[in-house]
Amino acid sequence: MLNRRTVLVALGAAATPAAFASIARAQSWRAEVPEIVLGIVPAENASGVTERWGPFTSYLSRELATKVTLRIANDYAAVIEGQRSGHIHIGVYGPASFARARLTGVKTDAFAIDVNADGSKGYYSVFYSLAKSPYQKVEDLKGKNLGLVDPNSTSGYNMPMFALNQLGIADAGKYFGRVQTTGSHENAIIALTQGTVDVAANWWNAEDDSNLLRMITKRMLKNPDGTPMKLSDFRIVLKSPLIINSPTAYLTELPAELKAAIRTAFLQAHVKDQAAFARLSNGKNKPWDAVDNAAYDDTIKLIQFVDALRKRSS
């Protein structure tokens with residue numbers, strides 16, 4: 001049982017009333033939040049997310065000295081609604097899904113941002129076609145089938161719609177033969193390789209860091225003869241303007257001591273459990289950096305712009 005005497009004995013001569021009060025507050029938030037749920041947007045299949053995030057979830061549980069449960073969302077909206085209901089305490093978002101959460105009144109605050117290997121904090125949306133196809137640019141794809149990811153995906157939906165509008169294509173539904181959402185970045189690539197779509201949107205950081213490369217490395221993509229596909233089997237036909245990197249956000253109304261502990265655990269993960277941290281990005285990313293909600297104000301403007309485009313097209 002926690003009491004003043006046992007805590008002071010444990011702390012020794014350095015014990016102070018302030019130290020005791022700090023421990024008491026920590027015990028208080030653990031009583032208030034006995035289990036922390038970490039929600040992940042579906043950038044890849046469930047087994048891939050578990051393999052990537054499982055060790056980090058274990059690390060987080062150790063650091064916070066409480067149970068942390070990994071929840072893999074079925075779609076981007078599930079993380080938004082999970083935080084809205086208070087069932088997901090920490091959400092690993094894409095920029096647009098975080099902006100959507102904020103725009104629709106979810107009380108959540110960004111505290112960490114992904115950092116690329118070169119220290120930058122941005123990435124791109126690209127359109128892939130198959131290298132064996134005749135499609136060299138977007139203009140070649142009029143009347144063909146476009147594969148997007150999810151309406152709340154930044155690189156898989158919102159930025160592609162913005163980039164198309166910059167090319168004078170305000171109504172993708174009229175320009176392409178069919179526009180379909182596939183649910184995840186992996187599904188969009190699979191749809192392309194299977195011929196369901198002629199062009200697919202996806203995220204791309206650099207030549208050596210993309211969702212496509214991860215799928216190829218895991219041998220998820222095969223040619224009709226069964227041989228593994230290579231990067232050279234794909235062609236980038238469009239590259240978007242820079243997108244701010246993804247945020248991780250916790251519920252605004254969590255106890256302050258808990259939020260501080262979560263923030264510290266993320267920002268120091270590269271030191272405290274380097275292996276778990278490295279697995280998240282196959283060793284590509286640098287340590288998380290601190291960030292706040294204001295960094296995503298332009299992303300809110302982006303999704304508002306795309307929402308207006310969709311309304312005019314409907």
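Note that the structure is predicted; figures quoted are calculated from it, not measured. Both backbone and side-chain heavy atoms feed into the values below; hydrogens, waters and symmetry mates do not.
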### Message
Are more than 12 heavy atoms, taken from residues, nucleotides or ligands other than Lys222, located less than 6.0 Å from that residue's NZ atom?
### Response
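Atom NZ in Lys222 is packed in, count exceeds 12.
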Presence of salt bridge, [Y] and [X], under 4.0 angstrom:
{"X": "Asp233", "Y": "Lys132", "result": "no"}
{"X": "Lys218", "Y": "Glu186", "result": "yes"}
{"X": "Arg178", "Y": "Asp198", "result": "no"}
{"X": "Lys286", "Y": "Asp114", "result": "no"}

### Query
How are the rings of Tyr59 and Phe56 set to each other: parallel, tilted or perpendicular (split at 30° and 60°)?
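Answer is tilted, since the angle falls between 30° and 60°.
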Going by distance alone, is a donor N or O of one side chain under 3.5 Å from an acceptor N or O of the other, for [X] and [Y]?
{"X": "Asp150", "Y": "Thr181", "result": "no"}
{"X": "Thr227", "Y": "Asn223", "result": "yes"}
{"X": "Glu139", "Y": "Tyr175", "result": "no"}
{"X": "Thr69", "Y": "Glu35", "result": "yes"}

### Message
How long is the straight-line distance from CG of Asn245 back to CG of Asn205, given to the nearest 0.5 Å?
### Response
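The distance works out to 6.5 Å.
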### Query
OG/Ser153 to NE2/His185 distance, rounded to the nearest 0.5 angstrom?
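Going from the OG atom of Ser153 to the NE2 atom of His185 covers 3.5 Å.
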Taking distance alone, no hydrogens or angles, what donor-acceptor pairs closer than 3.5 Å link side-chain atoms of residues 263-271 to residues at least two apart or in another chain?
unit_1	atom_1	unit_2	atom_2	d
Arg263	NH1	Tyr250	OH	2.5
Thr264	OG1	Ala260	O	3.0
Gln268	OE1	Lys272	NZ	3.2
His270	ND1	Leu267	O	3.3

Please tabulate, for the side chains in residues 274-283, all donor-acceptor contacts under 3.5 angstrom to protein atoms that are two or more places apart in sequence or on a different chain.
unit_1	atom_1	unit_2	atom_2	d
Ser281	OG	Lys284	N	3.2
Ser281	OG	Asn285	N	2.8
Asn282	OD1	Arg52	NH1	3.3

### Query
Under the criterion side chain to side chain contact (heavy atoms under 4.5 Å, CB included), which of Ile300, Thr252, Asp109 is the partner of Asn293?
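Answer to the side chain to side chain contact (heavy atoms under 4.5 Å, CB included) test with Asn293 among Ile300, Thr252, Asp109: Asp109.
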